[in-house]
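Convention: sequence-line order gives letters A, B, ...; per-chain numbering from 1.
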Protein chains: 2
Amino acid sequence: MKLSTKGRYGVQAMFELALYYGEGPISLKVIAENEGLSEHYLEQLIAVLRKADLVKSIRGAQGGYMLSAPPDKITVGDVIRTLEGSLAPSDCVVEDIPFECSRSGGCPTKVVLEKIRDAINKVIDSITLQDMVDDYKKMIQKNSYMYYI
Amino acid sequence: MKLSTKGRYGVQAMFELALYYGEGPISLKVIAENEGLSEHYLEQLIAVLRKADLVKSIRGAQGGYMLSAPPDKITVGDVIRTLEGSLAPSDCVVEDIPFECSRSGGCPTKVVLEKIRDAINKVIDSITLQDMVDDYKKMIQKNSYMYYI
DNA sequence: TAGAAATCCGAGCAAAATAGTCGGCATTAA
DNA sequence: TTAATGCCGACTATTTTGCTCGGATTTCTA
C-alpha cells in the first residue's frame, strides 16, 4: 500500500510551487534541487500535472512552472489522484467505475475496502497546498534556533 | 496505492474462518471455493498468518484451519499488516522505524503522509472480523428476498 | 542574431514486486 | 491402507516502478 514516487514527488514539487506562488515561474531545475529529485523524472510528472491544468508552464529561457490556481484552491488529493489515479485500495471500490467482482453485492471485504478508501480521500481532500505552506512556515519559526536544511 | 491481493485475499480467508468459528477446522479447499481464490496461492498466505499466530492448523484428513482467537479479538489491521507489512504510504513514515530522508525533520510532505497513515490505521484497527460477520449476517437478512450468491 | 536556458516529447530499460503455478513430502482420519 | 489435507521450496511470466537518454522546440537576453 505504498504511494509511488509519482504521488510523493508530485506533492513535493507542488509544495515548492506553492511556496513561491505569485513570484513568477520556477524552473524544474530549482524544484529538483530544492527537493533533491531527478529533474528528468520530475519532467514526466509535471507534464501530467500540466495536462490536468494544475500547473501552467512558460517556455524558453527564464521560463518555468507555476500553479494555475492559488495554493488554497489545490488539494493534495488533486495532485495525488492526477498522478496515481484513484486511491481506492482495490479496483472493486474505485469511485464511480468499480470493477465488479462476482460477489460485489454481498462482499463484506468490499465494505472494509470502502471504509479505507473513504478515510484516505477525506484526509487528502482536506489538505490544501496552502496548509502545507502554513505548516512549513510555522515550523521554521518554531525551530529557528536550530540549523535547518 | 492498491492493497495487493495478499492483503485482500487474506481478509477474505479470515472472514470465512470467522464465519465458521467454533465449528472445527475448515480446509483451504473450502475457503478457496467459497471466495473464488486459488487454493495454492492461499496456501502461501495462510502460512504467513499461521506463523503470526493468527490461525491454527490441523493436519491430515478432515484437517484445516481455524482462528486462534475469537473473531472479535482479531482486527482487519492485524491481518493486513501481517501479510503486507506496515500500511504507511511511504517508507519515511513507517511506524517506529521510518527510513530517514535527508530533510526528515522539516518535510511538509511527511506531515501529509503521516496523516494518511494514521487515517488508514484508525480504520483497519477499528474493524474486527466479528464486525464483518455481523455486517454480513445483517445484510443477508435485509436482502433475503433476493437471490444472493 | 547567436546562444543559452528552459520546456516538451518519446523511446528505452533494469530492477523489483506481483500473482501466481507446480511438484512432492508429511500427517492423519476413516 | 488410502484418500484428504497441510507443508514446503522452487520457479516464472507479467506488470509496475523509477528512472535515463537524446533531441527538438521555444524564448529571453546580451
Side-chain angles (χ1 to χ4, degrees), chain A residues 1-13 16-17 20 24-33 35-66 68 80 83-87 89-92 99 101, chain B residues 1-13 16-17 20 24-33 35-52 54-66 68 80 83-87 89-91 99 101:
Chain A
M1 270 280 281
K2 294 282 178 285
L3 211 59
S4 77
T5 54
K6 286 180 196 170
R8 197 164 79 251
Y9 294 179
V11 171
Q12 291 182 242
E16 287 290 325
L17 293 180
Y20 298 113
I26 311 293
S27 73
L28 263 194
K29 194 182 175 192
V30 168
I31 297 175
E33 271 171 7
E35 295 286 338
L37 306 175
S38 150
E39 191 182 336
H40 266 301
Y41 188 42
L42 253 194
E43 204 174 285
Q44 291 176 27
L45 308 186
I46 210 153
V48 178
L49 295 171
R50 185 173 52 80
K51 279 162 197 160
D53 204 36
L54 289 175
V55 302
K56 286 184 296 190
S57 67
I58 295 180
R59 301 188 66 172
Q62 271 57 46
Y65 297 89
M66 40 190 158
S68 46
I80 296 181
L83 290 165
E84 306 232 354
S86 166
L87 269 80
S90 172
D91 286 337
C92 68
F99 174 82
C101 72
Chain B
M1 272 281 282
K2 295 280 178 286
L3 212 61
S4 77
T5 54
K6 287 179 196 171
R8 197 164 79 253
Y9 294 178
V11 170
Q12 291 182 241
E16 287 291 326
L17 293 181
Y20 298 114
I26 312 293
S27 73
L28 262 195
K29 194 182 175 192
V30 169
I31 297 175
E33 271 171 8
E35 295 286 338
L37 306 174
S38 151
E39 190 182 336
H40 266 301
Y41 188 41
L42 252 194
E43 205 174 283
Q44 290 177 29
L45 308 186
I46 209 154
V48 178
L49 295 170
R50 185 173 51 79
K51 279 162 195 161
L54 289 175
V55 302
K56 286 185 296 192
S57 67
I58 294 179
R59 302 187 67 172
Q62 271 56 40
Y65 296 89
M66 40 189 157
S68 45
I80 297 182
L83 290 165
E84 307 232 355
S86 166
L87 268 81
S90 171
D91 286 335
F99 173 82
C101 72

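- The listed nucleotides are D:dT17, D:dC8, D:dT25; the one nearest the side chain of B:Glu43 is D:dC8.
- Position along DNA chain D of the nearest nucleotide to B:Gly64 versus A:Gln62 favours B:Gly64 as the more 5'-ward residue.
- Rounded to the nearest 0.5 angstrom, B:Leu45 CG and B:Glu84 CD are separated by 9.5 Å.
- Atom CG of B:Leu45 and atom C1' of D:dG6 are 15 Å apart (whole Å).
- Between B:Arg59 and A:Gly63, it is A:Gly63 whose nearest contact on DNA chain C lies nearer the 5' terminus.
- Just one of A:Ile46, A:Leu49, A:Ile26 meets the side-chain contact (heavy atoms from CB on, under 4.5 Å) condition when paired with A:Tyr65; it is A:Ile46.
- When the P atom of D:dA3 is taken as reference, atom NZ of B:Lys29 falls 14 Å away, rounded to whole Å.
- At a threshold of 4.5 Å between non-hydrogen side-chain atoms, the residues A:Leu87 and A:Leu3 count as touching.
- The span of DNA chain C lying next to chain B, judged by atoms under 4.0 Å from heavy atoms, is bounded 5' to 3' by C:dA19 to C:dA29.
- In this structure a side-chain-to-backbone donor-acceptor pair under 3.5 Å is present from B:Ser68 to B:Leu54.
- The CD-C1' distance, from B:Glu33 to D:dA4, rounds to 14 Å in whole Å.
- Mapping B:Glu84 and A:Ile26 onto DNA chain C by nearest heavy atom places A:Ile26 at the nucleotide closer to the 5' end.
- Between D:dT20, D:dA4, D:dT27, one nucleotide has an atom nearer to the side chain of A:Ala61 than all others, and that is D:dT27.
- Across all strands shown, B:Arg50 has heavy atoms under 4.0 Å from sugar-phosphate atoms exclusively, and none from any base.
- Residues A:Met66 and A:Ile58 are in side-chain contact: their nearest non-hydrogen atoms beyond the backbone lie under 4.5 Å apart.
- The side chain of A:Tyr9 contributes an N or O atom lying less than 4.0 Å from OP1 or OP2 of D:dC19.
- Looking at B:Glu16 and B:Gln12, their side chains never come closer than 4.5 Å, going by heavy atoms from C-beta outward.
- Within the structure, every side-chain polar atom (N or O) of B:Ser57 is placed at least 4.0 Å from both OP1 and OP2 of D:dT5.
- Rounded to an integer number of Å, the gap from B:Met66 CE to D:dG6 P is 11 Å.
- Here A:Leu28 lies in heavy-atom contact (under 4.0 Å) with sugar-phosphate atoms only.
- Nearest heavy-atom pair, A:Pro25 versus A:Gly63, reported as atom, atom and distance to 0.1 Å: CB-C, 3.9 Å.
- The distance from atom OH of B:Tyr41 to atom C1' of D:dC8 is 17 Å, rounded to the nearest whole Å.
- Following rounding to the nearest Å, B:Tyr65 (OH) and D:dT5 (P) show an atom-to-atom distance of 12 Å.
- A straight line from CZ of A:Arg8 to P of D:dT17 spans 13 Å, rounded to a whole angstrom.
- Taking each heavy atom of A:Pro89 and A:Met1 in turn, the nearest pair found is CB-SD, 4.2 Å.
- Taking atom NE2 of residue B:His40 and atom P of nucleotide D:dG9, one finds them 16 Å apart after rounding to whole Å.
- Here A:Ile58 lies in heavy-atom contact (under 4.0 Å) with sugar-phosphate atoms only.
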